[in-house]
Colleague: 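Please find one structure pasted underneath; my questions will follow.
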Amino acid sequence: MSATVSVTGVVKNYRTVRALRDVSFDLAPGRLSALVGHNGAGKTTLIKLMLGLIRPDQGSIRVLDEDPAAGEFSARRQLGYLPENVAFNAALTGRETLTFYARLKHVKPSKAWAFLDRVGLTDAADRRVGTYSKGMRQRLGLAQALLGRPRVLLLDEPTTGLDPALRQTFYEILNELRDDGATVLISSHALNELEDRAEHVLIMNRGLLAAQGTLSELRSISQLPIRVSVDFAPGAGVPAAWVNGASVATPRGRMLLVPDEARKMDVLRAAASDPGVINIEIAAPTLDELYAHFLNSQESAA
Ligand SMILES: Nc1ncnc2c1ncn2[C@@H]1O[C@H](COP(=O)(O)OP(=O)(O)OP(=O)(O)O)[C@@H](O)[C@H]1O
């Protein structure tokens, strides 16, 4: 599986601001990657570099085997982009707006209009964009980004302003594209939303890549404990033999902090065969917790 986007040793400064400091990672086809980080961590700068809007001071960026900042960036047509603050000409209708972008991407307008339906804008297609709500403009932005079956889709804070129903549709559309082999990168602060959706996570902190990997890789690197909560039947004695190590009392039993998957399985086997146990719940470290962990470890290493 070769990378569709390669960022290697990238440094980017805006005068005295060190926006990116030696950042390297690859994005793969058929994968949804999440780019997370505090305000000012460098996420938008990375996306701008991938789009070729700015150049790195050091290092290199390759998108679909080309330099995006080169004059003739032919891969541009295979790139979809939804900016953080999407702005359209308020005097044009939704359909006219999409027709304009379809021409730029050499897509037949009639094919483009199907996307208005996909993002739920059919009824508003012939209204001026100036009358659209923020969520409707965001939907139009998404339709625009999807034109021309993009091979690389870069989305900056895409779900801000979307209602829950459209957010669901939005991720369904992204899953289809991803299953079709597209590379999808979402920059977002909505960690809980990305938790079950992103196969790959990039954590940025003050211009540095603090960590990257799949959720399970990040869990394993972080060594944060898995929480196993076990409830006991009233009157059942707590079996000290397997409730060892770090554990805390809960209203109906004990919560064990287990260090890894192997130990988790030991606990589960023991709990499942204990007649006093009436319920077991497992909580792996969340993306929120991993994010906080990697940020803290990087801050203390700096
Ligand atoms: N054109 C610019 N001129 C000067 N400084 C800039 C410029 N663009 C970005 N910066 C600075 O570079 C750093 C990284 O900004 P960037 O927009 O990439 O962060 P971000 O992670 O996208 O933040 P947010 O989550 O707030 O959108 C910030 O300190 C920002 O102030």
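Atoms within each ligand, like the ligands themselves, are counted from 1 in listed order. Hydrogens, waters and symmetry mates play no part in the numbers below; they use all other heavy atoms, side chains included. All figures in this text were calculated on a predicted structure; none of them were measured in a lab.
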Colleague: Anything under 3.5 Å between a donor and an acceptor, one on a side chain of residues 82-89, the other on a protein residue two or more places apart or in another chain? List them.
Modeller:
| unit_1 | atom_1 | unit_2 | atom_2 | d |
| --- | --- | --- | --- | --- |
| Asn89 | OD1 | Ala91 | N | 2.9 |

Colleague: Would you please write out the protein residues whose heavy atoms approach any atom of ligand 1 to under 4.0 angstrom, listed by chain and number?
Modeller: Tyr14, Val17, Ala19, His38, Asn39, Gly40, Ala41, Gly42, Lys43, Thr44, Thr45, Glu84, His189
Colleague: Could you go through residues 11-19 and list every donor-acceptor pair under 3.5 Å that involves a side-chain atom there, pairing it with any protein atom two or more places apart or in another chain?
Modeller:
| unit_1 | atom_1 | unit_2 | atom_2 | d |
| --- | --- | --- | --- | --- |
| Lys12 | NZ | Arg55 | O | 3.0 |
| Tyr14 | OH | Thr45 | OG1 | 3.1 |

Colleague: Flag the pair Tyr291 / His38 as yes when their ring centroid distance falls below 6.0 Å, and as no otherwise.
Modeller: yes
Colleague: Check Asp231 with Arg254, please: is the shortest side-chain N to carboxylate O separation under 4.0 Å?
Modeller: no
Colleague: Which residues pass the salt bridge (Lys or Arg N to Asp or Glu O under 4.0 Å) test with Glu299, sequence neighbours left out?
Modeller: Arg206
Colleague: Within 45° of the six-membered ring axis of Tyr132 and under 6.0 Å from that ring's centre, is NZ or CZ of Arg137 located there?
Modeller: no
